[in-house]
Amino acid sequence: MTGEKIVKIEPVTRLEGHGDITIKIGKDGKVKDAQFNVTSTRFFEKFLEGRFAEEAPKLASRICGICPEPHHLAAVRAVEAAWDVTPPASAVKLRRLLINAKQFSSHALHFFALAAPDFLVGPFGDPGKRNLVTITKALPDVSKMALQMMQFGQELAAAIGGTAIHPVTAIPGGMLNPFSEEKRDQFLKRVTDVKQWTSDTVSLAKKIMDDYMDAITKLAVGPTYYIGTHNEGALEIYDGNIRIMDPDGGIVEDIKPKDYRKYFAEYVPEHSYATHVYYKPVGYPAGVWRAGSLARINVVDRMATPLAQEALQELRAKLGRPIHATFAYHWARIVELVQAIEEIEGLLNDSQIVSKDVKILDVKPKKGDGVGCVEAPRGTLIHHYWTDERGIITKANMIVATNNNIGGIEKSLMEVAKQVFEQKAHQKLKLPKPMIS
Amino acid sequence: MTKRIAMAQLTSCWGCDQSLLDLHLGLLELLPELEIVYWPAVVDFKLKDLESMPDESIHIGLVEGSCRTEDDVRLLNIMRAKSKILVAWGVCSCYGGIHGLANQWDLDELVDRKFMKADTVTDPRLPSENVPPFVSNVQPNVDVVDFNIMLPGCPPTSKNTIEALSAILSGKPFDLPEKSVCDQCPKVKQDKHITKFHRTHEGRIDPNKCLLDQGYLCLGFATIGFCGAICPTVNSPCKGCFGPVLRVKDHGAKIISALGAIAEMTPEELKDSFPDPIGSFYFTDYAASYLSRMRNKARSKRK
């Protein structure tokens, strides 16, 4: 045996955000440590202090350029909670349309641009070719469909938010801009095609998942806790209670987001600027949980829409509940993609969506604190602000999707590192012939 | 012939990448003209691949984000050395970006809030293993290395980015517009008689009239007209996120002096209307302001 070895991946690619991976392998060939190093942070919690709280939705959206809509909405809901303001139902519907538009475009982006290259070019394909550019050349029809799906979601988000990156229309008390009938009609006309593309994506995802079932069920399948939002048991992304599921699949908590501090805690690792969020009563690392698509479909009883429910039933028939297999995130994402387009269609057909009356007039700042919680594509997102009597932010605390996942990511990383470096498990997998070679 | 292009992300939100991807079907026309040699968001080349390229071997280098860590500074310098044409991609790169607002505090205070005193933190410590040290303050990248092209915006729109890339690819000059956001705004302007400023959540905005005329702090008059007046068009006052109009060095100073002239209010009344001048007047470019530079100078003297 040679000396201690360090495997470094710098940077991790096809992800949003700044991260490296460091794996330490001892002289005996055993994996000693697997780290996910998040290498920067911007200190939003500090520089939100002193700002007008009604501007927080525009500041906070800048936390993430890929998912600004959930940040925009978590922020506005936090301010409304602090100021005791209730927006009109029409505004809530517009916000739901906005967050579902983002959910749709983000899931399509993640599946086709970030994840699909691994499956279509194959895990052992040339790294220089394992990307979206290759897919556009080799599978022009699939890539055209994928790009149009992303386009639909982004353009719908822009139609409501002013721009998809970074939206500006949510304000304490409602929305600054109504949705016109003309625009509504334009998007409704496109929905039929988009639903067909979504259904084609479900078929493609099922084929990929079947092809890779050996890898999915064997690599990185360690149990964790899971968190996600629901409304009477159905998967919900704008407003609901948070369920926490234990590694055996039991629901151990069903909480109001405003009580999050009793259940959520942040562990600061030595080796990452992103904290690891965990289930406080159990402690760290036993209480590490995962969030996002797979966690959400684990904690909910059902999807909120019929076609998504069918897709969930197929997934559960294959992999059960709870599902610990990390690679099943891709499939779960597609189940949610279906719910997003069904929610979009329902909202576009709701006459209130084109209401001219989308903001209440009597909005007054007050001293207090408020929690806003939504589901971002990659997981549960909490903004908590304290404001003074003028409505200026005096303190902010945020639990973002990334941090809800990093403890779990690191756990998966450790499992897979052991499987690869100690057991050479990747060489024994039954893998399909890559679609693109 | 394809041109070699690299996209590098310093500390940022990655919105500039999403904006480029939002060309959607337009990507199918653009991609065949490019050979992507580095773009962590989309392709699998690593930092060592970028480092091993000869100097000036990349035709177009796009740098998103600004420097919050020493790794960012290193990547910025690598990108300068390897690129023939270096583009400051987005407002972070040009002016420091939203996290420039953190320059109001010393690094110790920032670290203290995030890692030591956050409400939900149970194990306070400053991470130090396999993470790069922070730099003491955020600067515009253009203060650190020379750039060939400025492409401001938070983020630059897909249209902005494709216009700049098309100009570079065809060897034409790329110039930023002389216009302001007001020049692009569809709302009707009348004489200004501002006697009171309203906050954005207050009252009902008339969708047809100039927001500033109605007493909402819309910064379109001092902000470069490059976005198409996205925000005022949807009744959301311009925050100035694309940076100042051309040749203005300090965005906030320009806004403050203009407000003095526009508003029919005493200096005290104006001051009372804006208890947060930095957040109100330097949304994404505080790092480029005289105020921030002076503070940084004093900070480094103290050390």
Let me know if [X] has heavy atoms under 4.5 Å from chain B in its side chain, its backbone, both or neither.
X	value
A/L59	both
A/T163	both
A/P269	backbone
A/E45	both
A/I63	backbone
A/L114	side chain

So for [X], is it side chain, backbone, both, or neither that comes closer than 4.5 Å to the heavy atoms of chain A?
X	answer
B/L23	neither
B/F134	both
B/P133	backbone
B/S12	both
B/P32	neither
B/Q9	both
B/W14	both
B/L31	side chain
B/Y38	side chain

[X] side, atom [atom1]; [Y] side, atom [atom2] - distance, nearest 0.5 Å:
X	Y	atom1	atom2	result
B/T157	B/F226	OG1	CZ	6.5 Å
B/C13	A/R42	SG	CZ	6.0 Å
A/R130	B/F45	CZ	CZ	10.5 Å
A/K144	B/L27	NZ	CG	14.0 Å

Under a 4.5 Å cutoff for heavy-atom pairs, which residue among [options] has the most contacts with chain A?
options	answer
B/Q18, B/H99, B/H201	B/H201
B/V138, B/L101, B/N130	B/N130
B/T11, B/V121, B/D119	B/D119
B/S128, B/P155, B/C231, B/C241	B/P155
B/V131, B/I205, B/N103	B/V131
B/V43, B/T69, B/L34, B/D72	B/V43

> Are B/N141 and B/S93 linked by a side-chain donor-acceptor pair shorter than 3.5 Å?
Replying inline: yes
> Below 6.0 angstrom between ring centroids: does that apply to A/H71 and A/H383?
Replying inline: yes
> Can you tell me if NZ on A/K129 sees more than 12 non-hydrogen neighbours from other groups inside 6.0 Å?
Replying inline: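 No - once you tally the heavy atoms of other residues, nucleotides and ligands closer than 6.0 Å, there are 12 at most.
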> Around atom NZ of B/K117, are there more than 12 heavy atoms of other residues, nucleotides or ligands at under 6.0 Å?
Replying inline: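 At most 12 heavy atoms, drawn from other residues, nucleotides or ligands, come within 6.0 Å of this atom.
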>> Among residues at least two apart in sequence or on other chains, which ones pass salt bridge (charged side-chain N to carboxylate O under 4.0 Å, His left out) with B/K187?
In response: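 Partners of B/K187 by the salt bridge (charged side-chain N to carboxylate O under 4.0 Å, His left out) criterion come out as none, since no residue qualifies.
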> Under the side-chain hydrogen bond (donor to acceptor under 3.5 Å, both in side chains) test, which residues partner A/E55, sequence neighbours left out?
Replying inline: B/T200, B/K239
>> Check the orientation of A/F264 and A/Y260. Use parallel for under 30°, tilted for 30 to 60°, and perpendicular for over 60°.
In response: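 A/F264 vs A/Y260 ring planes: perpendicular.
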> What is the ring orientation for A/Y284 with A/Y267, classed by angle as parallel under 30°, tilted 30 to 60°, or perpendicular over 60°?
Replying inline: parallel
